[in-house]
Each structure stands twice: as C-alpha cells, then as structure tokens.
Amino acid sequence: QVQLVESGGGLVQAGGSLRLSCAASGRAFTLTRYTYTTAWFRQAPGKEREFVATISGSGGNTIYADSVKGRFTISRDNVKTSVYLQMNSLKPEDTAIYYCAATTRGATILTNQYGYWGQGTQVTVSS
C-alpha cells in the first residue's frame with residue numbers, strides 16, 4: 001500500500017512562488033521507491049483534473065505540461081521518499097487543488113494510469 005500526503009499550498013499573489021511537498025509512505029513504496037513514477041495533477045473548480053508534471057523513479061526523467069513549463073520544477077528525494085513541486089511566476093489560472101500521484105506504470109501524463117493519490121492541497125493565486 002502507498003500513502004501520499006501533500007502540503008505547502010496556500011494563498012499567494014500573482015508572480016509569487018510556492019513549494020508543494022508530497023510525503024510518500026507505505027511498505028511497498030519505501031522498499032521499491034525507484035519503481036514508482038510520481039506526478040502532480042491539479043483540478044480547478046468546474047474543470048477536469050489535469051496533468052502538471054511527472055518524474056521517474058530515479059529522478060532522471062521529467063515531463064511538464066506546456067502551461068507550466070519554465071515556471072514549475074518537479075523533484076524528488078528518494079532518501080526522504082518525498083516529491084516536490086516548486087512553482088514560480090504563479091498566475092491566477094494556476095489556482096486549483098493540487099494532487100500528488102504515484103504509479104508503477106512508468107512515466108505517463110494520463111490520469112487513469114495513476115493508482116495512488118493524495119488528498120490534495122489548495123493553491124490560490126490572487127491577481
């Protein structure tokens with residue numbers, strides 16, 4: 001079993017920065033962490049959940065949505081079994097609930113390929 005807990009959300013003005021954290025736990029993840037691809041998704045009110053960024057088990061490969069490329073950076077610490085999302089130059093359209101997710105199916109941007117999800121953390125960007 002894998003548990004994911006996000007933190008770090010909040011209210012920030014446009015142009016500001018936030019760093020989201022996702023703490024992963026569970027026997028399966030801690031023993032085989034390098035097999036788990038982890039990702040961030042987000043869901044704005046009235047919209048479908050959308051892909052933001054993903055990082056491979058080793059941390060060597062990353063994929064970003066075009067809307068955040070150059071502004072957001074995903075990283076992971078396999079010693080602490082944590083995943084991070086550094087968000088810079090935030091825009092009001094980045095306002096959403098941000099979810100951490102994990103999969104053993106390799107690097108993918110597809111929501112339905114991720115079997116493990118956190119509860120989400122709210123990010124609000126004011127104009």
Side-chain angles (χ1 to χ4, degrees):
Q1 193 71 314
V2 176
Q3 293 82 42
L4 304 171
V5 179
E6 304 95 334
S7 62
L11 173 64
V12 64
Q13 288 189 330
S17 299
L18 279 176
R19 188 192 194 210
L20 304 183
S21 298
C22 172
S25 61
R27 182 176 176 82
F29 191 95
T30 54
L31 291 179
T32 59
R33 64 197 71 178
Y34 293 97
T35 68
Y36 283 86
T37 292
T38 51
W40 289 94
F41 289 79
R42 66 186 181 186
Q43 188 167 17
K47 295 187 177 181
E48 292 187 353
R49 192 168 298 187
E50 66 174 4
F51 168 77
V52 175
T54 186
I55 187 166
S56 62
S58 66
N61 295 313
T62 56
I63 304 173
Y64 293 92
D66 287 343
S67 58
V68 306
K69 203 171 293 183
R71 300 188 298 122
F72 291 10
T73 302
I74 189 170
S75 62
R76 63 188 288 164
D77 182 335
N78 279 330
V79 174
K80 296 181 180 179
T81 63
S82 294
V83 183
Y84 307 99
L85 186 68
Q86 178 66 44
M87 305 186 295
N88 298 328
S89 302
L90 282 161
K91 305 175 181 179
E93 50 264 45
D94 293 319
T95 295
I97 298 174
Y98 283 71
Y99 297 91
C100 179
T103 181
T104 56
R105 298 186 178 185
T108 175
I109 67 172
L110 300 177
T111 308
N112 61 11
Q113 296 298 300
Y114 287 83
Y116 303 100
W117 293 86
Q119 82 291 346
T121 185
Q122 177 71 48
V123 172
T124 303
V125 184
S126 62
S127 58

All side chain to side chain contact (heavy atoms under 4.5 Å, CB included) counterparts of Gln13, not counting sequence neighbours: Ser126

Pair listing, salt bridge (charged side-chain N to carboxylate O under 4.0 Å, His left out) test, anchored in residues 3-27, at least two apart: none

Contacts of type salt bridge (Lys or Arg N to Asp or Glu O under 4.0 Å), residue Lys69, not counting sequence neighbours: Asp66

For the student: nearest non-hydrogen atoms of Ala14 and Pro92, plus distance: CB-CD, 4.1 Å

Co-membership, hydrophobic cluster, residues Val125 and Leu20, 4.5 Å side-chain: yes

OG1-CZ distance between Thr62 and Arg76, expressed to the nearest 0.5 angstrom: 12.0 Å

Side-chain cluster (under 4.5 Å, hydrophobic types only) that Tyr34 belongs to, other residues: none

Residue pair Asn88 / Ser17, side-chain donor-acceptor N/O under 3.5 Å: yes

Side-chain donor-acceptor pairs of residues 49-59 under 3.5 Å, sequence neighbours excluded:
{"unit_1": "Arg49", "atom_1": "NE", "unit_2": "Gln43", "atom_2": "OE1", "d": "3.4"}
{"unit_1": "Glu50", "atom_1": "OE2", "unit_2": "Arg42", "atom_2": "NE", "d": "2.6"}
{"unit_1": "Glu50", "atom_1": "OE2", "unit_2": "Arg42", "atom_2": "NH2", "d": "3.2"}
{"unit_1": "Thr54", "atom_1": "OG1", "unit_2": "Thr38", "atom_2": "O", "d": "3.0"}
{"unit_1": "Thr54", "atom_1": "OG1", "unit_2": "Tyr114", "atom_2": "OH", "d": "3.0"}
{"unit_1": "Ser56", "atom_1": "OG", "unit_2": "Gly59", "atom_2": "N", "d": "3.4"}
{"unit_1": "Ser56", "atom_1": "OG", "unit_2": "Gly60", "atom_2": "N", "d": "3.3"}
{"unit_1": "Ser56", "atom_1": "OG", "unit_2": "Asn61", "atom_2": "N", "d": "3.1"}
{"unit_1": "Ser58", "atom_1": "OG", "unit_2": "Gly60", "atom_2": "N", "d": "3.2"}

Main-chain N/O of Gln113 paired with Thr108 side-chain donor or acceptor, under 3.5 Å: no

Minimum heavy-atom distance between Tyr116 and Leu4, given as atom pair plus value: O-CD1, 3.5 Å

Distance-minimising heavy-atom pair for Thr124 and Gln122: OG1-NE2, 3.4 Å

Ile74 vs Tyr84 side-chain heavy atoms within contact, under 4.5 Å: no

Pairing residues for Glu93 by the salt bridge (Lys or Arg N to Asp or Glu O under 4.0 Å) criterion, not counting sequence neighbours: none

Nearest non-hydrogen partners of Trp40 and Val83, listed with the distance: NE1-CG1, 3.7 Å

Non-hydrogen side-chain atoms of Asp94 and Phe72 separated by less than 4.5 Å: yes

Cys100 SG to Gln3 CD distance, which is reported to the nearest 0.5 Å: 12.0 Å

Which atom of Tyr36 lies closest to which atom of Thr104, heavy atoms considered: CE2-CG2, 3.5 Å

Min side-chain heavy-atom separation Leu18-Val123 under 4.5 Å: yes

Shared hydrophobic cluster, Val12 / Val68 (ILVMFWY, side-chain heavy atoms < 4.5 Å): yes

Minimal non-hydrogen separation, Tyr98 against Ala96, with atom names: CD1-O, 3.4 Å

Heavy-atom check, side chain of Ser7 versus side chain of Ser21, under 4.5 Å: yes

Aromatic ring pairing Trp117/Tyr99, orientation class (parallel under 30°, perpendicular over 60°, tilted between): perpendicular

